[in-house]
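Beneath this line is the structure, given in structure tokens, with notes to follow.
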Amino acid sequence: MSANAHVADLDALLAGLNEPQREAVVHGEGPLLILAGAGSGKTRVLTHRIAYLVGTGQARPDEILAITFTNKAAQEMRERVEMLVGRRTRAMWVMTFHSACARMLRADAHRLGYTRQFTIYDQSDARRLVKRAIEELDVDPKRFTPGAIHHEISDAKNKLRDAEAYAQMVGSFFEQTVADVYKLYESELHRMNAMDFDDLLVRAVNVLELFPEVRRRYADNFRHVLVDEYQDTNHVQYRWLQLIAGEHRNLAVVGDDSQSIYGFRGADIRNILDFEDDFPDAKVVKLEQNYRSTQTILDAANAVIRNNRGQREKELWTDLGIGDPIKVRELDDEHAEARFVAGEIERIVDEGVSRNEIAVFYRTNAQSRVLEDTLVRAQIGYQVIGGTKFYERAEIKDAIAYLTMLVNPQDVVSFTRIANSPRRGIGQTSLSRVISWANTAGITIWEAALEPDSVPGLGTAARKSFHRFMGAMRILGERAAANPPVSELLKEVLSESGYLEALEADRTIESQGRIENLEELVNVAAEYDGSVDLREEAPSLAGFLQQIALVADADGRRDDEGLVTLMTLHNAKGLEYPIVFLLGCEEGVFPHQRAIEEGGLEEERRLAYVGLTRAMRDLYMTYARTRAVFGSRSYGARSRFVDEVPIGLTDRNERPSLGVGSARERATSWSTPLGSGPIPGGGWDSGGGGGGGGGEAYRMGDDVVHAAFGEGVVIAVESGGIVVIRFARDGSERKLVADLAPIEKR
DNA sequence: TATAATTCTCTTTTT
DNA sequence: GAGAATTATA
């Protein structure tokens, strides 16, 4: 390629960037902080910067490390870089923190006493292991749930506190318990040659810290490090970046403190707020022009986020015009909400909008079910991102556990999973005997199971079962050793183990679906077998297992014209759609009850900010008067986030019959409750309001009983017949519509 | 001792 | 309303 062509390329690369974007792209060596508001083109800046570094010869493709949080984001970034620089992208590391660490560890984990075939445990595997540790330590699992303890351990790991360090700073009894479980959990993981998600990061940092020559190698190699969504990094990730980029300091980070939504995972917003303290000479670029949304949408998002304290001031602006008002809709229940969405989608599609321009967001995965049912009935094609993930289905986990056993014979968790699946007469008791024998004898679970005759106390029938089971496993092991295509091996596993046979014998619709899922897994494996380009390594079973352990959303996002996209708000980050529906805008749903109770409102509000700013043109916010939660019906008030959007930006349909009052009435806190009759004297704080319409009137201090939440006391009466009740059972405070909620005075 | 039936209990968000 | 945990049955 001639020098001229290069120059032309570079010009083209910079054309169409605004001034701050261009500054960020052409910034040479040294730390760079890009504060990028929503929709300000940060991915564009990152990809163009990479292309610019390569194009100007400042970096070779293999000297670039670009980190994202999700596989989806990594994939998108890779595609977009590839459009700019072509095949050379392949030498770059464009991936998530976890993938990058896993890749490092495959090369260097042996230094920490793992084999390169170590297993990666997902959340549920990890939790199961925690639970076993709890049982072994005779901790009361009612008092401290495995989930809570695992969360605490995870938190410690993300702060780079190992079991020993944690044990030294325990205060409460809970922490003492966690310390004990943590210690056992860690040794169990190591003994099984397994790592949980947190370990991938922690062990990578360990290797880099303990072995200067390894650190040297990576630090020298990755001369330019770029990080997306920097506001969501936690301490381990921070440390990892420091070890790799701390010396040459060619670290470019992009983020937006208003979009920090992973606090629950240990994300430390200070990492971005303090970047300039870490690097006093950092170049700071602010991207404030929004290229995505109408001014109305931006104004709404800005108004909402303004209710948070301590966000960095930002002035997002756009020249795309005012646009239409935000449509706020109140529906009777979640079914009506779903029907409304389906109806609107049909209407919009009739107007010529393509379905793939429409997205529906919700707070929790559980909310998707009703909507899916409705969409199916309305024959509207859709895809769900995340949610009940393919790889979390029992049959898929089983199949993977079989494969895992073949590379990691120490993996007791996998062994436990498959020993009696399909049913082959190996019950809990026999299993425990073999496991504890393996522990006593100091052999792997595989070895112990191979010789059931030497396991003390094992019944004859059980011995026979183990013989049969391990006979099949041994054959599979021999096959695996020859390194056949993973898809072939998988097929053999499914037939040799009797798994497929058992499903076929079942002859239910459910088992049919499972078989289809397994076929899909075979396809995934075949795809892996065929994909040589993205890897230096040859395809291998271990490589396959690693890849699928880290790819959570294999249900995959397709850019199919005919599909509406459904996902949680967390999954929505980084994406944009012309039409966006935000469902379940109710107190207790969004913001989530738990966040309300545990002081997580600011993060919820940032989540709202993320949701609102995904919309380009049309934005809907819907809420339901009642909703089924757990199966019983519950009544939640309209979300505060709806009310934080200025009235003037919205178009609302509230029905006076609800008693919530019209928007204007709410704005003046003095309201006319439903029905006729005099305004109850005193207003909101004297306890006189509420009620009306024939229902009972409630006063502050009234004792009440709720059909689902039990006994409680009225702690406030608000305008529009809303009472706030604190429930004795869990101490929660709920806003309820007095006339509708199943409550009675005592 | 293995499996079938029944009774609890939980649900945030993700790698 | 689904999963797991516990209890009943074979």
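Chain identifiers are assigned alphabetically (A, B, ...) following the order of the sequence lines, protein sequences preceding nucleic acid strands; residue numbering begins at 1 within each chain.
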- request: Give a yes or no on whether the backbone of A:His151 and the side-chain of A:Asp155 come within a donor-acceptor separation of less than 3.5 Å.
  value: no

Atom [atom1] of [X] and atom [atom2] of [N]: how far apart are they, to the nearest Å?
| X | N | atom1 | atom2 | answer |
| --- | --- | --- | --- | --- |
| A:Met567 | B:dT14 | CE | C1' | 14 Å |
| A:Tyr391 | B:dT14 | OH | C1' | 17 Å |
| A:Arg393 | C:dG3 | CZ | P | 11 Å |
| A:Lys131 | C:dA4 | NZ | C1' | 8 Å |
| A:Arg103 | B:dT15 | CZ | C1' | 18 Å |
| A:Arg424 | B:dT3 | CZ | P | 11 Å |
| A:Leu607 | B:dT13 | CG | P | 11 Å |
| A:Gln75 | B:dT15 | CD | P | 13 Å |

message: Looking only at the aromatic ring of each residue, does the gap between the centers of A:Phe641 and A:Phe590 stay below 6.0 angstrom?
response: yes

message: Can you confirm if the aromatic rings of A:His570 and A:Phe264 lie within a centre distance of less than 6.0 Å?
response: yes

Proximal nucleotide (of B:dT15, B:dT13, B:dA2) relative to the A:Thr429 side chain: B:dA2

message: Which nucleotide wins on minimum distance to the side chain of A:Thr96, given the candidates B:dT1, B:dT13, B:dT15?
response: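 Closest of the options to the side chain of A:Thr96: B:dT15.
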
Base, sugar-phosphate, or nothing for [X], non-hydrogen atoms under 4.0 angstrom?
| X | result |
| --- | --- |
| A:Phe97 | nothing |
| A:Arg433 | sugar-phosphate |
| A:Gln123 | base |
| A:Asp198 | nothing |

Would you say [X] places a side-chain N or O within less than 4.0 Å of OP1 or OP2 belonging to [N]?
| X | N | answer |
| --- | --- | --- |
| A:Ser99 | B:dT15 | no |
| A:Asn571 | B:dT13 | no |
| A:Thr145 | B:dC10 | no |
| A:Arg423 | B:dA4 | yes |
| A:Thr70 | B:dT15 | no |
| A:Asn158 | B:dT15 | no |
| A:Asn365 | B:dT14 | yes |

field: Residue whose nearest DNA chain B nucleotide is more 5′ - A:Asn420 or A:Glu604
entry: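 Comparing both residues, the 5'-ward one is A:Asn420.
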
message: Nearest heavy atom decides the nucleotide; on that basis, is A:Ile426 or A:Ala595 closer to the 5' end of DNA chain B?
response: A:Ile426

- prompt: Between A:Phe197, A:Tyr230, A:Trp240, which is the residue that forms a ring-ring contact (aromatic ring centres under 6.0 Å, His included) with A:Phe97?
  reply: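 Of A:Phe197, A:Tyr230, A:Trp240, ring-ring contact (aromatic ring centres under 6.0 Å, His included) with A:Phe97 is met by A:Trp240 alone.
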
task: Could you check A:Arg203 against A:Asn206 for side-chain hydrogen bond (donor to acceptor under 3.5 Å, both in side chains), going step by step and ending with a plain yes or no?
output: CA-CA 5 Å; A:Arg203 298 302 167 218; A:Asn206 292 158; 2.9 Å; yes

task: Measure from the ring centre of A:Tyr262 to the centre of the six-membered ring in the base of B:dT13, then say whether that distance is under 5.5 Å and the planes meet at under 30°.
output: no

- prompt: Do A:Asp411 and A:Thr404 have side-chain N/O donor and acceptor atoms under 3.5 Å apart?
  reply: no

